[in-house]
Amino acid sequence: MKLKRLLSGIKPTGELHIGHYIGAIKRFIEMQKDYESFVFVADLHSLTVNPNPKEIRENTRKIVELYIACGLDPKHTILFNQSENIYHTALSWALTCHSYMGELSRMTQYKDKSDGQKNESINCGLFNYPVLMAADILIYDTDVVPVGDDQKQHVELTRTLAERFNNRYGKTFKVPKPVIAKKGARIMDLQTPTKKMSKSDENKKGVINLLEDLEVARKKIMSAVTDSESIIKYDEKNKPGISNLMTIYACLTNKEIKEIEEDFKDSSYKDFKEKVADEVVILLKDIQKKYNEIKTDYIDNILNEGLIKVKEISKNKVLEVYKKLGLGRY
Ligand code: AMP
Ligand code: TRP
């Protein structure tokens, strides 16, 4: 039986944190055996913030190393760098010409990132960002896209663009589905638990990176902001801090929230935080051990192999699209 296709990616801006692990990478790992998986580094997407070239190059490699250290297995998952497969941008242009200003300007991420800037100086990449993301997805006839909840809207736009193109030119693209975890799709900042844990955050006390020093990580959990009620109960609205820690614990131990409430009904916040910190430290220790053993050649071989496979698939899709659009001499 032909496996369904999974695809997802992460931008190489900033350090990967436990939110990335829980909301995205852990899902890729759990799903990789049941899908034909494609996981990449979205370096073209990171250009939207005009980052330092040296930083991008280093971070791109680091993300691939972390993918592997976390448990992505090149036997099951094709790994590659987005910019090395030039066909993504080729499809992106065709899709741009079928996207509307209105729908792109309604994207929450665009509204957040362009907030406060004058139209004059918002770079067009930020606006077009979801179209490139749609190209990443549609070029491989992807069935499922596991992402954290901030990316759901972009996958929904991808569905709209696929349907629009199919209606105009005949069936060309598969219409993909976002896969958002029931828990862990939005890990919150430990110091401000009403906002998403984010790599661009200046308050580093609220974010635990995957390569964080283990003792520092423990301290960050122990000093996570909670309420004064001292009851371990899941209530996102009134008790966002403890609910976030419960989500982290639930995801790392594969336990249900109800079970955790029951197990810790007589515990203090301090005791519970210690247990959460233990789990986080076990996770980071394991990832860091594998990360430190990875060799440069190994990564290059995997990326080279991945690139050959993805280029072949995506070239065919771009030719199909161009032919339907009347471009070139196909
Ligand atoms: P990005 O850093 O924006 O490239 O995110 C890569 C993936 O990680 C996307 O699927 C995001 O939705 C997911 N992600 C990022 N931050 C978090 C978070 N705090 N909680 C859960 N998922 C997240
Ligand atoms: N935009 C995604 C993010 O910021 C990264 C990304 C780019 C992506 N292309 C993708 C995720 C395709 C899933 C599928 O997290």
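Quick caveat: nothing in here was measured; it's all calculated off a predicted structure. When a ligand or atom number is given, it counts from 1 through the structure's own listing order. Hydrogens, waters and symmetry mates are skipped; everything else that's a heavy atom, side chains included, is used.
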Could you list the atoms of ligand 2 found under 4.0 angstrom from a heavy atom of [X]?
X    : answer
A42  : 7 (C)
K11  : 3 (C), 4 (O)
L7   : 12 (C), 14 (C)
V145 : 13 (C), 14 (C)
V147 : 11 (C), 13 (C)

Requested in this report: Would you please test K205 and S223 for side-chain hydrogen bond (donor to acceptor under 3.5 Å, both in side chains) and show each step?
Outcome: CA-CA 9 Å; K205 276 178 76 185; S223 56; 5.0 Å; no
**Report entry** Q288 atom CD: more than 12 heavy-atom contacts under 6.0 Å
**Finding:** yes
Requested in this report: Might you confirm whether atom NZ of K152 has over 12 heavy atoms from other residues, nucleotides or ligands at distances under 6.0 Å?
Outcome: no
Query raised in the report: Polar-atom distance check: Q109 versus ligand 2, any N or O pair below 3.5 Å?
Result: no
Requested in this report: Kindly work out whether a path of hydrophobic side-chain contacts (I/L/V/M/F/W/Y, heavy atoms less than 4.5 Å apart) joins I208 to I282.
Outcome: no
**Report entry** Identified side chain to side chain donor-acceptor pair (under 3.5 Å) partner of D143 from the options R5, K174, K4
**Finding:** K174
Looking only at protein heavy atoms, which one is nearest to [atom], and how far off is it?
atom                   : value
atom 1 (N) of ligand 2 : Y129 OH, 2.7 Å
atom 9 (N) of ligand 2 : D136 OD2, 2.6 Å
atom 5 (C) of ligand 2 : G9 O, 3.5 Å

Starting from the N and O atoms of ligand 1, collect every protein N/O partner closer than 3.5 Å and put each pair on its own line with the distance to 0.1 Å.
| from | atom 1 | to | atom 2 | distance (Å) |
| --- | --- | --- | --- | --- |
| ligand 1 | 2 (O) | H20 | NE2 | 2.8 |
| ligand 1 | 2 (O) | K199 | NZ | 2.8 |
| ligand 1 | 3 (O) | K11 | NZ | 3.0 |
| ligand 1 | 4 (O) | K11 | N | 2.9 |
| ligand 1 | 10 (O) | G148 | N | 3.0 |
| ligand 1 | 12 (O) | G148 | N | 2.9 |
| ligand 1 | 12 (O) | D150 | OD1 | 2.4 |
| ligand 1 | 19 (N) | I187 | O | 2.9 |
| ligand 1 | 19 (N) | M197 | O | 2.9 |
| ligand 1 | 20 (N) | I187 | N | 2.8 |
| ligand 1 | 22 (N) | G19 | O | 3.3 |

Applying a 4.0 Å heavy-atom criterion (strictly less than), which segment of [X] is in contact with ligand 2: side chain, backbone, both, or neither?
X    : answer
V155 : neither
I137 : side chain
Q151 : side chain
F38  : neither

**Report entry** H76 ring center near F28 ring center (under 6.0 Å)
**Finding:** no
Query - pair K270-M222: side-chain heavy atoms closer than 4.5 Å - result: yes
Query - Side chain proximity check, L161 to E103, heavy atoms < 4.5 angstrom - result: yes
Query - Verdict with supporting geometry, E262 and K265, salt bridge (charged side-chain N to carboxylate O under 4.0 Å, His left out) - result: CA-CA 5 Å; E262 186 54 34; K265 67 175 186 301; 3.1 Å; yes
Query raised in the report: Side chain of K183, backbone of E256: donor and acceptor closer than 3.5 Å?
Result: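 Side chain of K183 to backbone of E256: no pair is present.
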Requested in this report: Before giving the answer on side-chain hydrogen bond (donor to acceptor under 3.5 Å, both in side chains), spell out for E84 and N81 the whole-Å C-alpha distance, their side-chain angles and the decisive distance to 0.1 Å.
Outcome: CA-CA 6 Å; E84 290 178 30; N81 287 338; 2.8 Å; yes
Query raised in the report: Can you check ring-ring contact (aromatic ring centres under 6.0 Å, His included) on F264 and Y249, steps first, answer last?
Result: CA-CA 12 Å; F264 291 94; Y249 188 73; 5.6 Å; yes
